[in-house]
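Everything on this sheet refers to the single structure shown next.
The model shown is predicted, which means the values in this text are computed figures rather than measured ones. Worth knowing before you read on, the calculation uses all heavy atoms, side chains too, and leaves out hydrogens, waters and symmetry mates. To find a chain, count down the sequence lines: A is the first, B the second, and so on, and within it residues start at 1.
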Protein chains: 2
Amino acid sequence: MAGVSPRPEVTMAQRKRQLVSTELTEAALQLMAVEGFDAVTVDEIVATAGVSKRTFFRYFASKEDVVVQFLADMGTGMCAELAARPADEPPSVALRHAVWVAMAACADGVDHSGRALRVVQLILRTPALRARFLEHQGQWRDDLAVEAARRQGLDPEVDLYPRLAAGAALAAFDTVLRRWSDSGGAEDPAALTDRAFAVLAPALDEAGVRGPSEGPSGGTSGD
Amino acid sequence: MAGVSPRPEVTMAQRKRQLVSTELTEAALQLMAVEGFDAVTVDEIVATAGVSKRTFFRYFASKEDVVVQFLADMGTGMCAELAARPADEPPSVALRHAVWVAMAACADGVDHSGRALRVVQLILRTPALRARFLEHQGQWRDDLAVEAARRQGLDPEVDLYPRLAAGAALAAFDTVLRRWSDSGGAEDPAALTDRAFAVLAPALDEAGVRGPSEGPSGGTSGD
DNA sequence: TCTTGGGTGGCATTAAGTGTCAAGGAGTTA
DNA sequence: TAACTCCTTGACACTTAATGCCACCCAAGA
């Protein structure tokens, strides 16, 4: 009785749908791990999963999506974490937590075991997948920027800071993720994130409290 | 005699090649300005330019490339500028100049007149083109990181700083470019760049002189 | 004039992605 | 049970991007 939970609100169609999705992802990842992304065709994937090609494109908008799809709600997760942080928290700390959430979702987000690492490595070394990944990051940057602006009481259309802060946070994310991937998962994502934000914090916090005007255009160091 | 310069070292084939390339770019940009990127097919472009489709793909690797191709050597330009800056210059100043070069190349890089702006706007609002653009930025980040590491005497495989600095610089570039595009070219790219680096400078310079160790993992602000 | 080499056009082909429609299964109502 | 509806699927056709292949043309040199 413990193993069977016939949730009335979860229809069978939805479970079936979930099943097909996992089946497709499973097949795609397994094939690509061996032959690489480009060598695997959608026809091979659907043949392995046992569904039609048309169905594949009902679940994923593109061949890249079957690999990168799990990134979709990572942006909202990051943004939600940023929004959930205390309002009086310095930007660097709030953003650090947001990036930490993203790294956590990335490190064990695909599913458990070491497959998350292999997927990340596949993404980072395949141009087409990396492009999609960066495309997602572009969206996250927009989302983080509006949230950062709200926190600081700035206008994202006027002040440069929100978008710069979001970009810096994503630079940290990118750096940490790459390092984690290159180390084969040996390095600790959280510690890496802390180190990255230790570098970025001066800009994030000093600029944040400075307010709407970012100061003279000459910069802090002479020309 | 002034108008005719039959350079002996420049063969006619090369000039012809240049001509076809320009013709193709011209046709593509003109069509896309009206109908948008996705609505224009390669067949339309080649029909307008008067060459075969096969020839199109001898000049450009993809449909996106005909628009984004001018970005190709922008990365090397940025990196070259960074390398050319005095060694004792603070990172924030050197990187600011690198970004300024990139903005200059972008602002009047396609060709003169206001077409550069329209191309940038086209890229920023078209997902497929934005993806290619970000793909290029990914390459620039790698290049800038190794150069930044060289300047600071750091190991890009060990220290987080080089890649973070490169990412921060590109965040500035992204922010400035977007602002410039959104303002319809009204805002001054150089001034925008200065403002962005005024925000980033504390992190770029303080972290840079700190050396190989980025300090404790707890960050500058409490948790 | 002959030849050689880079560039080109046309054709066939692969693969991604989309529109359309008929068929089938699950859930609902009578 | 029968009928009806909603959702999902499979099959087919189609468009388009992108690549390989081969014959052809034209400029440059012997």
- prompt: Quick one: does NZ or CZ of A/R17 land under 6.0 Å from the six-membered ring centre of A/Y59, within 45 degrees of the ring axis?
  reply: yes
message: Taking side-chain hydrogen bond (donor to acceptor under 3.5 Å, both in side chains) as the definition, give me every residue that meets it alongside A/E187, ordered by chain and number, with sequence neighbours left out.
response: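 Partners of A/E187 by the side-chain hydrogen bond (donor to acceptor under 3.5 Å, both in side chains) criterion come out as none, since no residue qualifies.
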Rounding to an integer number of Å, can you tell me how far [X] [atom1] sits from [N] [atom2]?
X     : N      : atom1 : atom2 : result
A/F56 : D/dA11 : CZ    : C1'   : 18 Å
B/E23 : C/dT8  : CD    : P     : 12 Å
A/L19 : C/dA26 : CG    : C1'   : 16 Å
B/E64 : D/dT16 : CD    : P     : 16 Å
A/R17 : D/dC7  : CZ    : P     : 12 Å
A/R15 : D/dT8  : CZ    : P     : 15 Å
B/I45 : D/dA18 : CD1   : C1'   : 14 Å
A/L24 : C/dA16 : CG    : C1'   : 15 Å

- request: With DNA chain D as reference, determine whether A/G50 or B/D38 sits nearer its 5' end, using the nearest nucleotide of each.
  value: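 By nearest-heavy-atom nucleotide position, the 5'-most residue is A/G50.
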message: Taking 4.0 Å as the cut-off, does a side-chain nitrogen or oxygen of A/Y59 come that near to OP1 or OP2 on D/dT9?
response: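 Checking A/Y59 against D/dT9: at least one side-chain N or O falls below 4.0 Å of OP1 or OP2.
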- prompt: OP1, OP2 of C/dG9 versus side-chain N and O of B/T55: anything below 4.0 Å?
  reply: yes
query: Who passes salt bridge (charged side-chain N to carboxylate O under 4.0 Å, His left out) against A/E135, sequence neighbours left out?
result: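 Expected list: none.
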message: On a heavy-atom basis, which atom in A/Q152 and which in A/P91 lie closest, and how many Å separate them?
response: NE2-CG, 3.1 Å
Minimum-distance pair of heavy atoms, taken over all atoms of A/I45 and A/L24: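 Where A/I45 meets A/L24 most closely, the heavy atoms are CG2-O, 4.0 Å.
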Per-nucleotide protein contact string for nucleotides 18-25 of chain C, where B marks a base within reach and S marks sugar-phosphate only (heavy atoms under 4.0 Å, - for neither): BBB-----
field: Heavy atoms from other residues, nucleotides or ligands near CD of B/E35 exceed 12 (cutoff 6.0 Å)
entry: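 Enclosed: over 12 neighbouring heavy atoms sit under 6.0 Å from CD of B/E35.
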A/W180, CH2 atom: more than 12 neighbouring heavy atoms under 6.0 Å: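 Atom CH2 in A/W180 is packed in, count exceeds 12.
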message: Here's a test of your reading of the structure: between B/S52 and A/S62, which maps to the more 5' nucleotide of DNA chain C?
response: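 First, find each residue's nearest nucleotide; the 5'-ward one identifies B/S52.
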